[in-house]
There are 2 protein chains.
Amino acid sequence: MTRIDDVARLAGVSTATVSRALRGLPTVSAATRRRVLAAAEQLDYEVSPSASRLAGGRTGTVAVVVPRITRWFFSTVVEAVEEYLHESGYDLLLYNLGGREQVRQRVLRTANLHKRVDAMMLVATPLRPADLTALASLDLPGVTISSGSRVPRWPCVRIDDVAAARTATRHLLDLGHHRIAHISGDPDDELAFTTHLDRRRGYQAELRAAGLPLDPSLDVESTFTIDGGNRATAELLARGGAPPTAILAACDEMAMGAMTALRDAGLRVPQDVSVIGIDDHDLAGVLGLSTVAQPAAEQGRLAARILLDPLGARTLGPVVGQRGAGHDTPVILPTRLVVRDSTAPPRAH
Amino acid sequence: MTRIDDVARLAGVSTATVSRALRGLPTVSAATRRRVLAAAEQLDYEVSPSASRLAGGRTGTVAVVVPRITRWFFSTVVEAVEEYLHESGYDLLLYNLGGREQVRQRVLRTANLHKRVDAMMLVATPLRPADLTALASLDLPGVTISSGSRVPRWPCVRIDDVAAARTATRHLLDLGHHRIAHISGDPDDELAFTTHLDRRRGYQAELRAAGLPLDPSLDVESTFTIDGGNRATAELLARGGAPPTAILAACDEMAMGAMTALRDAGLRVPQDVSVIGIDDHDLAGVLGLSTVAQPAAEQGRLAARILLDPLGARTLGPVVGQRGAGHDTPVILPTRLVVRDSTAPPRAH
DNA sequence: CTGAAAGCGCTTACAG
DNA sequence: CTGAAAGCGCTTACAG
């Protein structure tokens, strides 16, 4: 393994100069830099990350925490983040909470994390008071995605979930629906999402704005998954009374489950019941699912940029201390209605 | 930040002893270990990974390389691997190739990787001769998943793709189909998968075994995606001649695209055309897609275990050198036919 | 079972 | 613009 002294010797300079030249610090003459780079190249030298981290106090690594990497939104975010981080010379340490509370605690409350990473990104990870205390004492730069997780002084990138649900509801109202059901996430969800709360508020607000009553029997809580949507819809149909003519699912995955449940009940979409989701999942097109699209990859990319910019990506010069003060206003990305085949006017009676 | 000397002082021992006690090495008396653990606890001490890595030469980190984290198979594998690694005390560095050839090269051919990780896992990452040379010189332990990537001396976990395709084809034959089309991946796919080659061989083998001719007009290449399946099916239908009565898609995502294309062409599944995939994607159930299921999470978990076992997980004692010699036989996990609503006997003419 | 000491391979004030 | 030297915080032979 060639070390920095080998390069220094070959280039005829000190290891300090090699270190500076290789990291592109400005305090190296052009001629010296050339010599150092040539020597490093010739010896196939690569800096040792461990040594560099120990001496320099920076890890060149970012921790990315997601609830479940298998879900559309999170894998899409991670893909975009991964690309941005690696292009900026950072490594990505992945933490998938997977609904395991003890994992959540280990990740969020370990005093250890700050020695492993320079910064962290939390995607839709709800934070309890104890988590916030732990994160504050870590004193790491960070960023969150989604309204579900807010950390004081950390920037946040998200969509307006209330508005997204209003848009979806308005679409159904515009088609002439009056009995609009809502299926959404459960507070007891193991992943402890909170996104569904905002979406429910949007649903309710839009109904109220249209002068329609809120019928509790049309509002079913379940988990934020395909299966959850399936069960919620089955429950909705089993409740008796006039069935809804349309369903707003809190996310596309729930909407897909709803479509299955309706099909199993012998109901056609959209002839008998309209269904709309929120997200614009990869498969929404295949299923002909109308939805309110949110830009997942852009949220990831933007959050990565906001996180890294103040760290001085790639150059890895000395740390400059501006830890994004004043980032207390979330960056809100736009959503848009995508009408496909799962929504139509209600049947005339 | 409390350091190892602080603990040593409080416990009244040397730093060497603290180091040994904390890592659970056997050469520490029970009483001493207790004292050290108490001191560490009291001081809230966490070892510095950089220092530990530099001194010990092990990183406690594994690189996991996937073609696209957004696809069902890869996110499912990564989720299982992440859980196993973290439970074993290892960190996971994620590399998503994303079809970017230069990224592939940077990841696979960088002389740097071996200073960042103790081992690596390659999931369905095809390897060129130059990659193999680079990996060999890294001299890292590794494991691969999927038949698409084989590295000499690295264990491999996979399914039998030929057999999976044969099973799917046989199901269609058993239903009475004779004109069975195949849509599969393209050698020009940016991700350079090769899985589809085995699956095509299975399709052909089973047809031959049934005494049926191979009709090239029923075999369409496309990309391994929903959109690819959509386009391949459209092309199939546009070719004129008798249309197939059944389609075997090389993966579920292609099968989903096929279902869309058929629907767009006014054909019903399975009344007019049967469709079967391979994978058992999360959404296969929602779509009623018949398929041959492969155990994605188990492949990930097993590969992680095979990779870590010889490294002596968690204990992090001195490295013992047995680098899985004799692992030249892939571990093959079973697949199984899952019949849903997308396959049925062909219509009587 | 335990400790003193060297060493892992860099980066960073500090001085010039 | 460059170098000598200290130091980052551990682990590991080695000796006992």
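This one's a predicted model, so the numbers in the text were calculated from it and none came from an experiment. All chains are named by letter (A, B, ...) in the order of the sequence lines, taking the proteins before the strands, and each is independently numbered beginning at 1.
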Distance in angstrom units between [X] [atom1] and [N] [atom2], rounded:
X        : N      : atom1 : atom2 : answer
B:Ile4   : D:dC8  : CD1   : C1'   : 14 Å
B:Arg58  : D:dC10 : CZ    : P     : 17 Å
B:Arg3   : D:dT11 : CZ    : P     : 14 Å
B:Leu54  : D:dC10 : CG    : P     : 12 Å
B:Tyr45  : D:dG9  : OH    : P     : 10 Å
A:Lys115 : D:dC8  : NZ    : P     : 13 Å
B:Asp6   : D:dC8  : CG    : C1'   : 14 Å
A:Arg33  : D:dT2  : CZ    : P     : 9 Å

Any side-chain N or O of [X] below 4.0 angstrom from OP1/OP2 of [N]?
X       : N      : answer
B:Ser14 : C:dG3  : yes
B:Ser52 : D:dT11 : yes
A:Ser50 : C:dC10 : no
B:Thr17 : C:dG3  : yes

- Query: If you look at every heavy atom in B:Val62 and B:Val117, which pair is closest and at what distance?
  - Reply: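 Heavy atoms of B:Val62 and B:Val117 come nearest at C-CG1, 4.1 Å.
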- Message: Heavy atoms only, 4.0 Å cut-off, all strands: where does B:Thr27 land among base, sugar-phosphate and nothing?
- Response: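 Base: the residue B:Thr27, judged by heavy atoms under 4.0 Å, touches a nucleobase.
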- Message: Applying a 4.0 Å non-hydrogen cut-off, can you work out what B:Thr32 is touching in the nucleic acid: base, sugar-phosphate, or nothing?
- Response: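 Counting heavy atoms under 4.0 Å across all strands, the contact made by B:Thr32 is with sugar-phosphate only.
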- Item | Stems involving DNA chain D, each a run of at least 3 consecutive Watson-Crick or G-U pairs under 3.5 Å |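 Expected stems, ordered by start: C:1-3 with D:14-16, C:5-12 with D:5-12, C:14-16 with D:1-3.
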- Query: What's the spacing between B:Ile69 CD1 and A:Ile69 CD1 if we round to 0.5 Å?
  - Reply: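 Taking CD1 in B:Ile69 and CD1 in A:Ile69, the distance rounds to 4.5 Å.
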- Message: Within the 3.5 Å criterion, strictly below it, is a donor on B:Arg23 or B:Ser19 matched to an acceptor on the partner's side chain?
- Response: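 Per modelled atom types, B:Arg23 and B:Ser19 side chains form a pair under 3.5 Å.
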- Message: When you measure from the side chain of A:Ser88 to the backbone of A:His86, do you find a donor-acceptor pair of N or O atoms at a distance under 3.5 Å?
- Response: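 No, because the side chain of A:Ser88 does not come within donor-acceptor range (under 3.5 Å) of the backbone of A:His86.
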- Message: Let's go through A:Thr144 and A:Met121 carefully: what are the C-alpha distance in whole Å and the side-chain angles of both, what is the deciding distance for side chain to side chain contact (heavy atoms under 4.5 Å, CB included) to 0.1 Å, and is it a yes or a no?
- Response: CA-CA 6 Å; A:Thr144 60; A:Met121 177 183 296; over 6 Å; no
- Message: Salt bridge check, A:Asp6 against A:Arg9: does any charged N sit closer than 4.0 Å to a carboxylate O?
- Response: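 Looking at A:Arg9 and A:Asp6, the cut-off is met.
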- Do B:Glu46 and A:Lys115 come within less than 4.5 Å of each other through their side chains, counting heavy atoms only?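 Touching, per the 4.5 Å side-chain cut-off.
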Which nucleotide in the set [options] lies at the smallest distance from any side-chain heavy atom of [X]?
X       : options               : result
B:Ser19 : D:dT12, D:dG3, C:dG7  : D:dT12
A:Ala51 : D:dC10, C:dC10, D:dT2 : C:dC10
A:Arg23 : C:dT12, D:dC10, C:dA4 : C:dT12
B:Thr15 : C:dG3, D:dT2, D:dT11  : D:dT11

- Should the heavy atoms of other residues, nucleotides or ligands under 6.0 Å from CZ of A:Arg305 be counted, would the total exceed 12?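 12 or below, so no.
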- If we take the P atom in both D:dT2 and D:dA6, what is their distance in whole Å?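 My reading of the P atoms in D:dT2 and D:dA6 gives 23 Å.
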- Separation of the C1' atoms in C:dT12 and C:dG16, to the nearest angstrom: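 Going atom to atom, C1' in each nucleotide, I get 16 Å.
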- Message: Can you say whether a donor on the side chain of B:Arg20 sits under 3.5 Å from an acceptor on the base of C:dG3, or the other way round?
- Response: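 For B:Arg20, whose side chain was compared with the base of C:dG3, there is a donor-acceptor pair (under 3.5 Å).
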- Message: Can you work out whether A:Asp5 or B:Ala16 has the more 5'-proximal nearest nucleotide on DNA chain C?
- Response: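 Its nucleotide being nearer the 5' end, the pick is B:Ala16.
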